[in-house]
Amino acid sequence: MSIVELSAPQKTTKKTQSNSTDSMIWIPGGTYNMGSNIGSYPEEGPIHRVSVSGFWMEKYPVTNKEFSAFVEDTGYVTFAEKAPLAEDYPDADPSLLVPGSAVFIQPKHRVNPHSLCWWHYVPGADWKHPRGPESNLDGLENHPVVQIVYEDAKAYADWAGKELPTEAQWEFAARGGLEDQTFAWGKELKPNGKIMANTWQGQFPHESTKDKPPGTEPVGCYEPNGYGLYDMIGNTWEWTKDFYRERHPDNPSKSCCSPKNPNGGSENESIDKNAPAGEQKPRRVLKGGSFLCAPNYCARYRPAARYPEAIDTSTNHIGFRLIKNV
């Protein structure tokens, strides 16, 4: 987890020809059942009716190649590349008061899957060095960019002349036109044994049955959903603009009053008041799951799944994609 304090937004120049939708898919909008009543994930409930207007959405999450163009054009410095100030963290380990970010490091043996012992704060980890200072982007140009905090994603969106989606928009798009299905492609995780997304294969976190180390994969490796969107499930979590709240609102008493284009909770209610004082930060909603989601741990590779992430936290399994409202 990043220990960097929130900083003033950097100014970026808007990209030229930002009105282009050549790389985007038109999402027609409509009314749908948002959320899920799965018992082990109460934050997904209750199921409630929501309407969204039509919008454009990027076919793929933002890639390293695309983010590199943004940085080259603007000189932008991401959150993870900035050193925190010692006076802001008087009790912090001095070795952590350097630029860095959270990196997944696979345990070599079976561990408690709820211990989170696989997350390590790695000095020098950032979007150009997603697994630490010894790593780089060679061969990863078409992988989704990671080690991105909310303000980094927002800065890119401003430059591109686009926006981050709301949670309602993201979930509607992820469902691909299907109604009340568990997954973005239907009712089964692996229909006829077919792997449909970059999620964990094996027993998380110590056993992976893949023929390569767990991590991101190039965008577009798996079949698109019904709208033609790729990687809406797995690969990386994706930022939305909504502040997190613990549960969805109940359905209104009258069906005619279903919310249209909702924007989530408030900044204040997104803060975890039970967290230590220094960690009570605003949180935004992540959607889609990542390459770390597995049946035995964090089975959030579903459109309804959601996760609260502090807006100053970056990891090597969080990215983003953009939309354009009409």
Side-chain angles (χ1 to χ4, degrees), residues 22-27 32 36 56-67 104 106 130-131 137 139-148 153 165 167 169-205 207-240 286-307 315-323:
D22 292 347
S23 62
M24 308 184 87
I25 298 289
W26 174 250
I27 311 300
Y32 73 108
S36 169
W56 294 92
M57 181 173 245
E58 291 287 358
K59 187 182 300 184
Y60 307 108
V62 174
T63 64
N64 287 312
K65 181 179 180 180
E66 292 168 327
F67 199 81
F104 170 79
Q106 185 178 358
R131 296 180 303 279
L137 299 181
L140 303 180
E141 293 83 1
N142 290 321
H143 286 231
V145 65
V146 294
Q147 300 295 13
I148 297 296
E167 181 181 1
Q169 287 175 317
W170 195 102
E171 184 170 328
F172 181 85
R175 292 181 179 275
L178 299 178
E179 184 74 23
D180 297 327
Q181 298 295 303
T182 303
F183 302 101
W185 47 83
K187 293 183 178 181
E188 298 180 16
L189 174 60
K190 298 179 182 178
N192 299 317
K194 185 177 183 179
I195 296 175
M196 302 296 290
N198 178 19
T199 57
W200 190 275
Q201 306 301 315
Q203 287 293 304
F204 182 88
E207 177 199 49
S208 174
T209 59
K210 290 186 175 182
D211 58 2
K212 52 188 173 183
T216 59
E217 295 179 4
V219 299
C221 286
Y222 300 87
E223 291 184 9
N225 73 358
Y227 288 140
L229 300 168
Y230 292 83
D231 297 319
M232 293 298 286
I233 299 299
N235 220 3
T236 62
W237 285 99
E238 297 182 7
W239 286 105
T240 72
L286 298 180
K287 297 288 282 186
S290 76
F291 63 85
L292 298 181
C293 287
N296 72 305
Y297 175 79
C298 189
R300 290 185 169 92
Y301 33 53
R302 297 167 290 105
R306 55 203 300 268
Y307 190 80
T315 73
N316 66 322
H317 76 331
I318 297 177
F320 67 103
R321 81 175 70 211
L322 302 181
I323 66 162

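One is the number of the first residue; the rest follow in order along the sequence.
Under a 3.5 Å cut-off, the side chain of His317 and the backbone N or O of Ser290 do not form any donor-acceptor pair. With hydrogens and angles ignored, the 3.5 Å screen pairs a side-chain donor or acceptor of Lys287 with a backbone N or O of Ala305. Here the side chain of Trp200 pairs no donor or acceptor atom with the backbone of Tyr297 at under 3.5 angstrom. The closest donor-acceptor contact from the side chain of Asn198 to the backbone of Phe291 lies at 3.5 Å or more, if one exists at all. Asn64 contributes a side-chain N or O that, together with a main-chain N or O of Leu140, makes up a donor-acceptor pair within less than 3.5 Å. Under a 3.5 Å cut-off, the side chain of Asp231 and the backbone N or O of Thr236 do not form any donor-acceptor pair. In this structure a side-chain-to-backbone donor-acceptor pair under 3.5 Å is present from Gln147 to Thr315. The closest donor-acceptor contact from the side chain of Asn235 to the backbone of Glu217 lies under 3.5 Å. Proximity of a side-chain donor or acceptor of Thr199 to a complementary backbone N or O of Gly234 within less than 3.5 Å is not detected. Counting only distance, with no hydrogens or angles, the side chain of Asn225 and the backbone of Ala173 share a donor-acceptor pair below 3.5 Å.
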### Query
Would Ser23 and Glu58 count as a side chain to side chain contact (heavy atoms under 4.5 Å, CB included) if you check the C-alpha gap in whole Å, the side-chain angles of each, and the deciding distance to 0.1 Å?
CA-CA 6 Å; Ser23 62; Glu58 291 287 358; 2.7 Å; yes
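Ion pair Arg321/Glu238 flagged as a salt bridge, since at least one NZ, NE, NH1 or NH2 atom sits closer than 4.0 Å to an Asp/Glu carboxylate oxygen.
For Lys210, the NZ atom counts as densely surrounded, since its 6.0 Å shell holds more than 12 non-hydrogen atoms of other residues, nucleotides or ligands.
Of all heavy-atom pairs spanning Trp237 and Cys293, the tightest one is CZ2-SG, 4.4 Å.
Ring planes of Phe67 and Phe320: perpendicular class, angle over 60° (limits at 30 and 60°).
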